[in-house]
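Given the structure is predicted, the values throughout are model-derived calculations rather than measurements. Along the sequence shown, residues are numbered consecutively beginning with 1. Both backbone and side-chain heavy atoms feed into the values below; hydrogens, waters and symmetry mates do not.
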Amino acid sequence: MERGETGKPRRTQRRRRLVLLLVAALLLVVIVAVAVGVSLRQQPHQEEFKDTFINRCKEFKGDNCSGIWEAFQQAYVNRDPCDVPVEAYDPLIAAAPFKPECNRMMFWSKTKDVVHDFTEKKDCFVTLEDTLLGEVLDGLTWCGKKDSSETFTSGCPGWSDCVDNPVRSFWNRVSAAYADVACGDVTAMLSGSIETPFSPGSIFRTVELKRFDSSRVNTLTVVLVTQEEKVANCTNDSLKDLQMELQKGIRYNCKEVPESQISACSSDPTASCGSCW
Ligand code: N1C
């Protein structure tokens with residue numbers, strides 16, 4: 001009885017220590033599980049991006065998709081996401097060069113939806129998004145980090161957060177390469193719903209137009225897409241600037257075309273390519 005009474009506090013102490021130990025072990029398990037969960041959740045994101053890249057590339061019948069992926073990745077992986085200059089993508093362009101499609105090349109600015117609605121329905125023009133690199137990366141966001149070999153798809157700098165960001169430099173570089181091979185009669189869809197259709201700071205103005213070479217390009221036709229309320233027409237000042245910036249020797253046309261006419265024409269299977277404007 002006495003032994004039992006004096007033994008009781010010792011047993012209680014031991015039990016308390018055991019409970020504390022169990023709680024600590026449980027906490028440790030929870031912490032490890034959360035950490036593993038977080039890293040597992042990050043992993044698929046990066047794998048998902050690569051899968052999207054490779055799958056879209058294969059759908060496009062790219063013959064060296066893993067080589068193109070490697071050339072793409074080296075541009076931004078293990079780099080500060082605000083320090084990826086346009087030249088970083090030079091090896092990518094070399095791995096997936098653009099083929100010229102004379103008389104069918106379509107450029108655009110501030111009219112992405114109208115243009116792609118049209119090119120999807122009618123096989124008349126080719127935009128950058130109809131080429132391997134344009135198609136594979138359209139709508140995606142990516143960046144790297146210093147001292148990491150991974151690709152991130154969130155937490156990346158936005159378009160105007162810093163100039164040398166991976167997505168912005170990519171579009172600048174591929175747009176330049178696409179404009180470099182422009183040939184024959186070239187078309188550009190610009191917006192008649194804004195005050196400056198030849199928009200300052202746009203890729204079309206700062207990169208593409210400057211690179212149209214008069215030894216390859218005969219004509220540039222601007223299709224100014226208008227809505228009921230026209231904000232700009234073909235006499236717009238910014239379009240005068242465009243003509244000044246266009247290399248001498250390239251002819252220039254401008255046509256004001258209602259958006260409704262473009263969509264009606266694209267849905268009409270009997271309409272020929274030359275009849276939409
Ligand atoms: O800056 P923009 O237009 O004048 O660029 C459009 C111009 C087109 O002629 C294309 O050849 O530059 C090329 N281009 C793309 O193909 C493209 N696809 C998706 C440029 N940008 C592209 N994007 C995204 O659209 C890109 O992320 C950027 O943010 C916009 C640019 O569109 P904009 O200002 O209407």
Side-chain angles (χ1 to χ4, degrees), residues 45-101 105-113 115-116 119 126-146 148-182 188 199-212:
H45 273 304
Q46 117 126 349
E47 285 307 311
E48 212 173 277
F49 183 86
K50 184 179 175 181
D51 286 351
T52 307
F53 187 106
I54 300 282
N55 289 340
R56 286 188 184 180
C57 177
K58 283 186 177 154
E59 268 168 41
F60 205 89
K61 306 208 171 19
D63 49 6
N64 178 22
C65 290
S66 49
I68 296 173
W69 164 255
E70 289 306 322
F72 168 70
Q73 250 200 329
Q74 64 74 41
Y76 63 87
V77 154
N78 197 5
R79 278 201 194 212
D80 179 329
C82 276
D83 187 22
V84 177
V86 270
E87 306 82 54
Y89 289 102
D90 287 354
L92 175 66
I93 304 293
F98 289 101
K99 288 186 206 87
E101 290 242 23
M105 294 173 79
M106 169 71 86
F107 295 82
W108 53 269
S109 190
K110 317 293 174 206
T111 53
K112 195 176 186 201
D113 294 342
V115 171
H116 293 120
T119 52
V126 181
T127 64
L128 178 52
E129 290 74 23
D130 303 308
T131 67
L132 188 141
L133 290 179
E135 156 109 33
V136 167
L137 289 143
D138 194 21
L140 302 184
T141 301
W142 65 91
C143 64
K145 242 183 219 165
K146 198 100 196 82
S148 160
S149 60
E150 288 184 70
T151 294
F152 299 86
T153 54
S154 54
C156 297
W159 191 259
S160 43
D161 285 340
C162 49
V163 175
D164 284 345
N165 75 62
V167 175
R168 187 173 172 148
S169 291
F170 168 80
W171 287 112
N172 273 303
R173 185 64 191 91
V174 288
S175 302
Y178 190 58
D180 279 344
V181 299
S199 180
S202 68
I203 293 184
F204 179 67
R205 182 162 186 165
T206 60
V207 178
E208 295 175 328
L209 188 103
K210 290 177 165 45
R211 300 179 86 112
F212 294 155

Is there a side-chain contact between P200 and R205 (heavy atoms, below 4.5 Å)?
yes

Min side-chain heavy-atom separation T119-W108 under 4.5 Å
no

How close do D80 and V84 get, heavy atom to heavy atom, and via which atoms?
O-CG2, 3.8 Å

side-chain contact (heavy atoms from CB on, under 4.5 Å) assessment of M105 paired with F98
CA-CA 12 Å; M105 294 173 79; F98 289 101; over 6 Å; no

Determine, stepwise, if the pair S169 / V86 fulfils side-chain contact (heavy atoms from CB on, under 4.5 Å).
CA-CA 5 Å; S169 291; V86 270; 4.1 Å; yes

How close do R168 and C162 get, counting heavy atoms only, and between which atoms?
CD-O, 4.4 Å

Measure the spacing between CD of E101 and CE of M106 and express it to the nearest 0.5 Å.
13.0 Å

Supply the atom-to-atom distance D138 CG to R56 CZ, rounded to the nearest 0.5 angstrom.
7.0 Å

Output the distance between atom NZ (K50) and atom OG (S66), rounded to the nearest 0.5 Å.
7.5 Å

Search all heavy atoms of I68 against all heavy atoms of C57 and return the closest pair with its distance.
CD1-SG, 4.3 Å

Determine, using ring centers only, whether W142 and F53 are less than 6.0 Å apart.
no

So does K210 have more than 12 non-hydrogen atoms from other groups sitting under 6.0 Å from NZ?
yes

Nearest heavy-atom neighbours spanning A88 and P91:
O-CD, 3.4 Å

Nearest 0.5 Å, what's the CZ-CD1 distance between R173 and I203?
12.5 Å

For Q74 and A71, indicate whether the former's side chain and the latter's backbone hold a donor-acceptor pair under 3.5 Å.
yes

Give me the ring orientation class for F107 and F212: parallel if the planes are under 30° apart, tilted from 30 to 60°, perpendicular past 60°.
perpendicular

Side-chain heavy-atom pair C156, P81 within 4.5 angstrom cut-off
no

Rounded to the nearest 0.5 Å, the CD atom of Q73 sits from the CZ atom of F49 at a distance of 9.0 Å

Do the ring planes of F170 and Y89 sit parallel (below 30°), tilted (30 to 60°) or perpendicular (above 60°)?
perpendicular

What closest approach, in Å, do C65 and I54 show between heavy atoms, and which atom pair accounts for it?
O-CD1, 3.8 Å

Salt-bridge criterion met for R79 and D164 (N-O under 4.0 Å)
no

Ignoring hydrogens and angles, state whether a donor on the side chain of T127 or Y178 is under 3.5 Å from an acceptor on the partner side chain.
no

Kindly say whether L128 contributes a backbone atom to a donor-acceptor pair with the side chain of T131 at under 3.5 angstrom?
yes

For R211, is there an ion pair with D180 - N to carboxylate O distance below 4.0 angstrom?
yes

Could you walk me through whether N165 and Y76 satisfy the side-chain contact (heavy atoms from CB on, under 4.5 Å) test, starting with their C-alpha distance in whole Å, then the side-chain angles of each, then the deciding distance to 0.1 Å, before giving a yes or no?
CA-CA 9 Å; N165 75 62; Y76 63 87; over 6 Å; no

Carefully, step by step, assess V136 and F72 under the rule side-chain contact (heavy atoms from CB on, under 4.5 Å).
CA-CA 11 Å; V136 167; F72 168 70; over 6 Å; no

Taking atom OG1 of T52 and atom CD of E47, what is their separation to the nearest 0.5 Å?
10.5 Å

